[in-house]
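Lettering of chains follows the sequences in order, A, B, ..., and the numbering in each one begins at 1. Just the heavy atoms: all of them, side chains too, but no hydrogens, waters or symmetry mates, feed the values below.
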Amino acid sequence: MLAKIISRSVTGLFTLLMVSLVIFVSTQFLPGDAAVTLLGDNATEEALSHLREELGLNEPAVTQYLRWVGGIVQGDFGVSQTLGLPIGTILGDRFIASLQLTILTILVAAIVAIPLGVLSAIGQGSTIDRTVLSISYLGISIPDFVFGPLLIVAFALPPLALLPSSGYVPLSDDPLAWLRHMILPVTALTAVLTAHLVRQTRSGMLEVLKSDYVRTARLKGLPERQVLWRHCLRNGLATTLTVLALDLGFVMGSIVVIEEVFAYPGIGRLTVFAIGDRDIPLIQATTLVIAATFVVANILADIAHSMLNPKLE
Amino acid sequence: MKRGDIDTSVWVGGSITVFAVLFAILGFFWQPFDPLMIDLTSRFADPSLAHPLGKDGFGRDMLSRLMAGAWKSLTMGFGATFLALSIGVPVALFAGYMRGWVDQLIMRVVDVFLSIPSLVFALIIIVSLGTSHMNALIALGIATSPRFVRIIRTIVMDTMAHDYVTAARARGETALFIQYREVLPNIWPPIIIEGSINVGFALMAGAALSYLGLGTQPPAADWGVLVRDGQQAINQSIWPLLGPAITISIAIVGFNLLGEGLRDQIARTKVHEHG
């Protein structure tokens, strides 16, 4: 198991390095002069050359990249051009805010989707199964940026006006206000994920239910309950975990959109802001953090998967 | 094939898809009113016979804007998928044909790209291209192509094991001939199915980019821009949001039903063939 953890971490680190290279190459060397883009066409030559110096644009590409990565390793993400602040100081709070959204979304989706998927598979073709399938179909087809505004219309506007339509309150400030601000964004994020997870859990369970060892367990005369819990769920869950880890990539993209819908001050909204203002160091930092989260989550899921299912070794 | 052999989902999904495409083509040539015509005397007008979906905050006819936007959104879905396939299929053919270290190298690169969430990958590309409808389309096409490489490469490898490929090799055919004349013609069905599933996703992601202000730029509008404008107006009227919200959802249901239905149907046909 330790060897598995080490080898997975090493490949993960390599992937991260390559991802950072992709991000750097596609954002650093833009067509046109980055200094002119930032300061406008009327900037003096003096100001331009000063900025080029400051951004390190005169140095060779490899040096620029190495200095960027080297800084990040030491926790230095550079300085935001539009905000004039060290990016490290902005990133922390935003990342924690987004992480709360992500974790709540995954928890809610798993808690709702796994039992529904299992029930659906056990009663294949039943009314429950058909209802769950049709609703999940709607879930995967309604885009997040459509579902979010519709939730606002339904629950944040009169006549109901139950929940705030936007914003964020830190958990430590006021737990109730925190929860009230989380409900709508998490619901919007959960919809697609739950729908997909239900479908995957269902088909994973159906496969397990048809497998030879489940038939053997039944023929041995084990009580149905034990067959389901001990034999099916464990394997079904391993599949669900893999699907969940892969879906996380979709959730990370969705978070960018949903944070914008609900004006939620997370890393996704920061990314959109940075792109709108062409704040290159900020874009590089936020996209790298999002991609890194996805890579790390996949490593964790992989390790958890082999713990749940040691036979794969 | 008799109509009775076709799944309900393929039938329903196909009908919605055809209708959406016709709606977009019609919207490209003709709208009941000029979608950009501002009339501040009728801001947020409720639906009426002349304006079945009401009017937006500038008094523009929502149905006309939705029809013009359909063309923008559907070209995004189909265009990005076409670009992703144009990149993905040749790379997959090459990797699957070469095998060995070339294939391994290509797949490692694909893995790196796949470890960036596709919407975020599209955002990164948009940074270097700039924001416009066409650039969002290109960014989405590039961002979704690694997934095609991975899926189609597996299919290519299976196909390479067939006798007719071995025969072509024995005849001394060139690598290009084998890839494009022997393998490609035999893997069209799965390519089309994966493509049609991707159209729904690309349409959705493209509209999301426009919603974020990074795709189609106003005053032109695709369905994503319309949803954003609609959300900003919800305190005055919900009609500018409802029209585009319902339309885009139905269109995506249609594309998903068609793509997945076709996939299921082919999988079932294969089971029948083999046993």
Side-chain angles (χ1 to χ4, degrees), chain A residues 11-12 14-19 21-23 25-31 137-138 140-150 152-153 156-158 165 246 248-257 260-261 268-269 271-272 274-276 278 280 283-284 286-287 290-295 298, chain B residues 9 108-109 111-131 139 142-143 200-201 203-214 223-224 226-228 230-235 238 241-242 244-257 260:
Chain A
T11 51
F14 175 75
T15 309
L16 259 184
L17 260 181
M18 290 298 110
V19 168
L21 192 64
V22 171
I23 290 175
V25 168
S26 41
T27 53
Q28 185 80 359
F29 311 105
L30 304 178
Y137 219 98
L138 277 183
I140 57 165
S141 297
I142 299 179
D144 42 15
F145 65 91
V146 169
F147 194 47
L150 290 179
I152 293 179
V153 169
L157 291 186
S165 65
L246 288 174
L248 197 62
F250 187 80
V251 175
M252 308 296 294
S254 212
I255 263 192
V256 177
V257 177
E260 193 68 18
V261 171
R269 193 153 195 255
T271 311
V272 176
I275 296 176
R278 294 189 76 71
I280 302 297
I283 296 171
Q284 292 169 338
T286 53
T287 48
I290 295 176
T293 313
F294 184 40
V295 172
N298 267 306
Chain B
S9 61
R108 288 294 81 76
V109 174
D111 282 345
V112 169
F113 286 129
L114 282 175
S115 64
I116 308 175
S118 24
L119 194 76
V120 177
F121 192 13
L123 290 178
I124 297 170
I125 302 169
I126 284 175
V127 172
S128 51
L129 295 178
T131 48
I142 297 174
F201 172 77
L203 194 158
M204 193 184 316
L209 289 174
S210 294
Y211 175 91
L212 295 175
L214 304 173
W223 290 344
L226 291 180
V227 170
R228 186 187 55 191
Q231 184 186 355
Q232 279 162 3
I234 48 177
N235 285 312
I238 59 164
L241 172 64
L242 278 189
I246 293 171
T247 313
I248 190 170
S249 303
I250 292 177
I252 291 171
V253 168
F255 284 113
N256 285 345
L257 277 175
E260 292 188 12

Structural part of I125(B) lying under 4.5 Å from a heavy atom of chain A
neither

Calculate, to the nearest 0.5 Å, the distance between atoms OG1 and CD1 belonging to T286(A) and I124(B) respectively.
8.5 Å

Which atoms of L214(B) come close to chain A, meaning under 4.5 Å heavy atom to heavy atom: side chain ones, backbone ones, both, or neither?
side chain

Is S249(B) close to S141(A) at the side-chain level, that is, under 4.5 Å between some pair of heavy atoms?
no

Is L123(B) close to chain A through its backbone or its side chain, or both, or neither, when contacts mean heavy atoms under 4.5 Å?
both

Quick one: what part of L119(B) sits under 4.5 Å from any heavy atom of chain A, side chain, backbone, both or neither?
side chain

Less than 4.5 Å apart, any side-chain heavy atom of I280(A) and any of V127(B)?
yes

Do the non-hydrogen side-chain atoms of V261(A) and Y211(B) ever get within less than 4.5 Å of each other?
yes

Measuring heavy-atom distances to chain A, does L242(B) have an atom under 4.5 Å in its side chain, in its backbone, in both, or in neither?
side chain

Proximal component of F121(B), with respect to chain A [non-hydrogen, under 4.5 Å]:
side chain

Under a 4.5 Å heavy-atom cut-off, does chain B meet the side chain of F250(A), its backbone, both or neither?
side chain

Contact origin within V253(B) toward chain A - heavy atom pairs under 4.5 Å
both

Is I152(A) close to chain B through its backbone or its side chain, or both, or neither, when contacts mean heavy atoms under 4.5 Å?
side chain

If I take atom CZ from residue F145(A) and atom CE from residue M204(B), how far apart are they, to the nearest 0.5 angstrom?
8.0 Å

Tell me, for F294(A) versus chain B, whether the close heavy atoms (under 4.5 Å) come from the side chain, the backbone, both or neither.
side chain

Would you mind checking which part of S115(B) comes under 4.5 Å of any heavy atom in chain A, side chain (CB onward), backbone (N, CA, C, O), both or neither?
both

Could you tell me whether the side chain of Y137(A) and the main chain of N256(B) form a donor-acceptor pair under 3.5 Å?
yes

Need one label for A122(B): side chain, backbone, both or neither, based on atoms under 4.5 Å from any heavy atom in chain A.
neither

